[in-house]
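Have a look at the structure below before the remarks.
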Amino acid sequence: MIEIEHNKSLKHLNTFGINAKASLFVSISSVNDLKEILQSDLYKQNKSLILGGGSNMLFKNDFDGLILKVDLNGIKIVEESDEYITIEVASGESWHSTVLYCVRNNWGGVENLSLIPGTSGAAPIQNIGAYGVEIKDVIKKVDGIELKSGRSISFSNDECAFGYRESIFKHEWKEKIFISSVTLTLTKKSHRLNTTYGAIQDTLKQLNIVTPTIQSVSEAVIKIRESKLPDPKVIGNAGSFFKNPSITLDHYQSLQKSYLTIPSYPSVNQEVKIPAGWLIEQCGWKGKKINEVGVHAHQALVLVNYGNGNGKEIFDLAMKIQASVKEKFNITLTAEVNIIE
Ligand code: EPU
């Protein structure tokens, strides 16, 4: 019997710690539960929202509809050779626990993605990435249930159409699928460690590590993230609020004349990617606090809720930041976080 909760507080179910309420709430712990709900009048008569770890969501208001909370669990080995292992991770498994499980087993490929909050099933939607690695580098396939028909559907890596914080699940398949599992292929030996990112090299040096391993890279990433990013259990946040924008080479060169030290990375289509954190810091926002919300003091890309802020306050702050970056640099920041109206 599936239990429906009414007027449920989402405060502990979103990492911003926003005390929004959902009029209807159900935990989905099996594909059968999901299929049953999809056929119900409750589902057909209400708007609905799939909620994973709530680590990339901003509830602007209470949610007048049905929340389907992803609670599918389990990790199983589906294929193994001397060199590779393929595992199927249920979508409700915490991503960081999955990474730690792989690191403990000495399976390589996800160590740079340590300590990213959220569930494994949400990870492919925005193609989570950090320190030179994206989840697309290890994904074999993504499985789910089409909401409309209740049928099972599978997407190969190519079919996921991954890009920077992008996938088909944010476009053609947005709000049309309940992801049930992600299947990852990892290395068992000849690991391809990625330690090119400056902060990783510096941290490995600090830890006196000359020959890095999966374990030490994971440890270094955890150390970097802990030093820059606020722990959502302590200060509410959803990681980077905005995406790093890409601008044309001409635009970049004209900005360089006024801002000699503007940081940049190559992007696609001969464009240049600029760290949004730098743009926001240049506009004077870093460390700013407005009532209960603010901009993190160590990383300007992260908006924070000091405790009792509401979604509207965070949203208004984001809009002000966006407007000042537009005015100063003529660059439009787009939110990385999903804003739930
Ligand atoms: N910077 C500043 N001021 C700031 C923040 C950043 O000047 O307040 C500049 C610095 O020049 C720094 C550069 O931005 O060298 C890059 O900063 P950082 O290494 O912290 O990375 P990021 O571009 O701000 C991205 C991801 C993070 C990911 C890191 C590490 C996005 C939107 N964010 O941040 O992902 O952990 O790289 O790879 O791409 C997330 O998506 O939630 C997230 C935390």
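What's counted below: heavy atoms across the whole structure, side chains too, no hydrogens, waters or symmetry copies. For the single chain, residues carry numbers from 1 onward in sequence order.
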### Query
Any side-chain heavy-atom pair from V110 and I135 closer than 4.5 angstrom?
no
### Task
Could you tell me whether the side chain of S97 and the main chain of E93 form a donor-acceptor pair under 3.5 Å?
no
### Task
Say whether I87 and L113 are linked into one hydrophobic cluster, either directly or through other cluster members, by side-chain heavy-atom distances under 4.5 angstrom.
yes
### Task
Answer whether the closest heavy-atom distance between the side chains of E313 and N291 falls below 4.5 Å.
yes
### Query
So L279 and I274, side-chain contact (heavy atoms from CB on, under 4.5 Å) or not? Walk me through it.
CA-CA 8 Å; L279 297 166; I274 312 291; 3.9 Å; yes
#### Entry: Expected output: side-chain N46 to main-chain S48 donor-acceptor under 3.5 Å
no
### Message
Does K205 have more than 12 heavy atoms from other residues, nucleotides or ligands lying within 6.0 Å of its NZ?
### Response
no
### Result of checking V133, I209, T195 against V217 for side chain to side chain contact (heavy atoms under 4.5 Å, CB included)
T195
### Query
Is I153 close to R151 at the side-chain level, that is, under 4.5 Å between some pair of heavy atoms?
yes
### Task
Can you establish whether the number of heavy atoms outside E327 located under 6.0 Å from its atom CD is more than 12?
no
### Query
Considering all heavy atoms of both residues, which atom of S55 and which atom of G118 are nearest to each other, and what is their separation?
OG-CA, 3.2 Å
### Message
Are the side chains of W285 and S324 in contact, using a 4.5 Å heavy-atom criterion?
### Response
yes
### Task
Kindly indicate, with the supporting measurements, whether the criterion side-chain contact (heavy atoms from CB on, under 4.5 Å) is fulfilled by I28 and K69.
CA-CA 6 Å; I28 304 292; K69 169 78 172 65; over 6 Å; no
### Query
If only atom types and distance count, is the side chain of H96 paired as donor or acceptor with the main-chain N or O of L115 below 3.5 Å?
yes
### Query
Do you see a donor-acceptor pair shorter than 3.5 Å between the side chains of N127 and S167?
no
### Query
Checking salt bridge (charged side-chain N to carboxylate O under 4.0 Å, His left out) for the pair K320/D316: CA distance, chi angles, key distance, verdict?
CA-CA 6 Å; K320 284 188 193 137; D316 289 347; over 6 Å; no
### Query
Would Y164 and V268 satisfy side-chain contact (heavy atoms from CB on, under 4.5 Å), going step by step from the backbone distance to the final call?
CA-CA 10 Å; Y164 166 63; V268 286; over 6 Å; no
### Message
Within the 4.5 Å heavy-atom criterion, are T86 and L186 side-chain neighbours or not?
### Response
no
### Summary
Heavy-atom closest pair (G109 atom, E111 atom, distance to 0.1 Å) is N-OE1, 2.8 Å
### Stepwise side-chain contact (heavy atoms from CB on, under 4.5 Å) check, Y197 with I224
CA-CA 11 Å; Y197 201 90; I224 300 165; 5.6 Å; no
### Query
Does F242 offer a backbone N or O that forms a donor-acceptor pair with the side chain of S240 under 3.5 Å?
no
### Message
In this structure, would I2 and V70 fall into the same cluster of hydrophobic residues linked by side-chain contacts under 4.5 Å?
### Response
yes
### Query
Mind checking whether I177 and I145 have side chains closer than 4.5 Å, heavy atoms only?
no
### Message
Check whether E159 reaches the backbone of S156 with its side chain - one donor and one acceptor, N or O, closer than 3.5 Å.
### Response
yes
### Task
Over all heavy atoms of both residues, which pair between I222 and S114 is shortest? Give the atoms and the distance, please.
CG1-CB, 3.8 Å
### Message
Can you list everything that forms a side chain to side chain donor-acceptor pair (under 3.5 Å) with S149? Sequence neighbours excluded, please.
### Response
E146
### Query
Within the side chain of Q299, is there an N or O that forms a donor-acceptor pair under 3.5 Å with the backbone of L301?
yes
### Message
Can you tell me how far apart NZ (K60) and CD (E341) are? Round to the nearest 0.5 Å.
### Response
4.0 Å
### Message
Please check if the number of heavy atoms outside K326 that lie under 6.0 Å from its NZ is greater than 12.
### Response
yes
#### Entry: cation_pi(K11, F16) dist<6.0 Å, angle<=45
no
### Query
Can you find a heavy atom in the side chain of F241 that is under 4.5 Å from one in the side chain of I321?
no
### Query
More than 12 heavy atoms of other residues, nucleotides or ligands under 6.0 Å from CG of D64: is that the case?
no
### Task
Spell out, as yes or no, whether a donor-acceptor pair under 3.5 Å connects the side chain of S216 to the backbone of P212.
no
### Message
Do K176 and W173 form a cation-pi contact, if we require the NZ or CZ to be under 6.0 Å from the six-membered ring centre and within 45 degrees of the ring's axis?
### Response
no
### Query
So, S9 versus N19: side-chain donor-acceptor pair below 3.5 Å or not?
yes
### Query
Can you tell if the side chain of I139 reaches within under 4.5 Å of the side chain of P124, non-hydrogen atoms only?
yes
### Task
State whether F155 and K141 meet the cation-pi test: NZ (Lys) or CZ (Arg) under 6.0 Å from the six-membered ring centroid, and within 45° of the perpendicular axis.
no
### Message
Can you see whether N194 engages T196 through a side-chain donor-acceptor pair at a distance of less than 3.5 angstrom?
### Response
yes
### Query
Does the pair E166/K243 count as a salt bridge with the N-to-O cut at 4.0 Å?
yes
### Query
Donor-acceptor pair, N305 side chain versus N237 backbone, under 3.5 Å?
no
### Task
Check the hydrophobic clustering (I, L, V, M, F, W, Y; side-chain heavy atoms under 4.5 Å; chains of links allowed) and say if V138 and I125 are grouped together.
yes
### Task
Identify which one of I50, V26, L49 satisfies the side chain to side chain contact (heavy atoms under 4.5 Å, CB included) criterion when paired with I67.
L49
### Message
Between Y84 and W107, is the ring centroid distance below 6.0 Å?
### Response
no
### Message
Within the 3.5 Å criterion, strictly below it, is a donor on W95 or T119 matched to an acceptor on the partner's side chain?
### Response
no
### L229-I280 co-clustered via ILVMFWY side chain contacts under 4.5 Å
no
### Query
Between the side chain of D62 and the main-chain N/O of K21, is any donor-acceptor distance below 3.5 Å?
yes
### Summary
In short, G121 meets V182 closest at the heavy-atom pair CA-CG1, 4.5 Å
### Short side-chain donor-acceptor distance under 3.5 Å, S181 and S91
no
#### Entry: Polar contact flag, side-chain donor to acceptor under 3.5 angstrom, S246-S267
yes
### Message
Given 3.5 Å as the limit, does a donor-acceptor pair link the side chain of D231 with the main chain of K233, or not?
### Response
yes
### Query
Are K8 and F25 in a cation-pi setup, meaning NZ or CZ lies under 6.0 angstrom from the ring centre and within 45 degrees of the ring axis?
yes
### Query
Which heavy-atom pair separates A130 from I116 by the least distance, and what is that distance?
CB-CD1, 4.2 Å
### Task
Verify the neighbour count for atom CZ of R192: are there more than 12 heavy atoms of other residues, nucleotides or ligands below 6.0 Å?
no
### Message
According to a hydrophobic-cluster definition based on side-chain heavy atoms being under 4.5 Å apart (Ile, Leu, Val, Met, Phe, Trp, Tyr only), do L333 and V304 belong together?
### Response
no
### Message
Between E226 and K223, does any side-chain N to carboxylate O distance fall below 4.0 Å?
### Response
no
### Query
Taking the six-membered ring for Trp, are F329 and Y259 parallel (under 30°), tilted (30 to 60°) or perpendicular (over 60°)?
tilted
### Task
For S180 and D143, test the side chains for any donor-to-acceptor distance below 3.5 angstrom and give the result as yes or no.
no
### Task
Check whether NZ of the Lys or CZ of the Arg K273 lies under 6.0 Å from the centre of the six-membered ring of Y265 and within 45 degrees of that ring's axis.
no
### Summary
Between G53 and T15, the two heavy atoms sitting closest are O-CG2, 4.1 Å
### Query
Has H171 got more than 12 heavy atoms of other residues, nucleotides or ligands less than 6.0 Å from its NE2?
yes
### Query
How many angstroms lie between CE in M57 and CG in L13, if you round to the nearest 0.5 Å?
11.0 Å
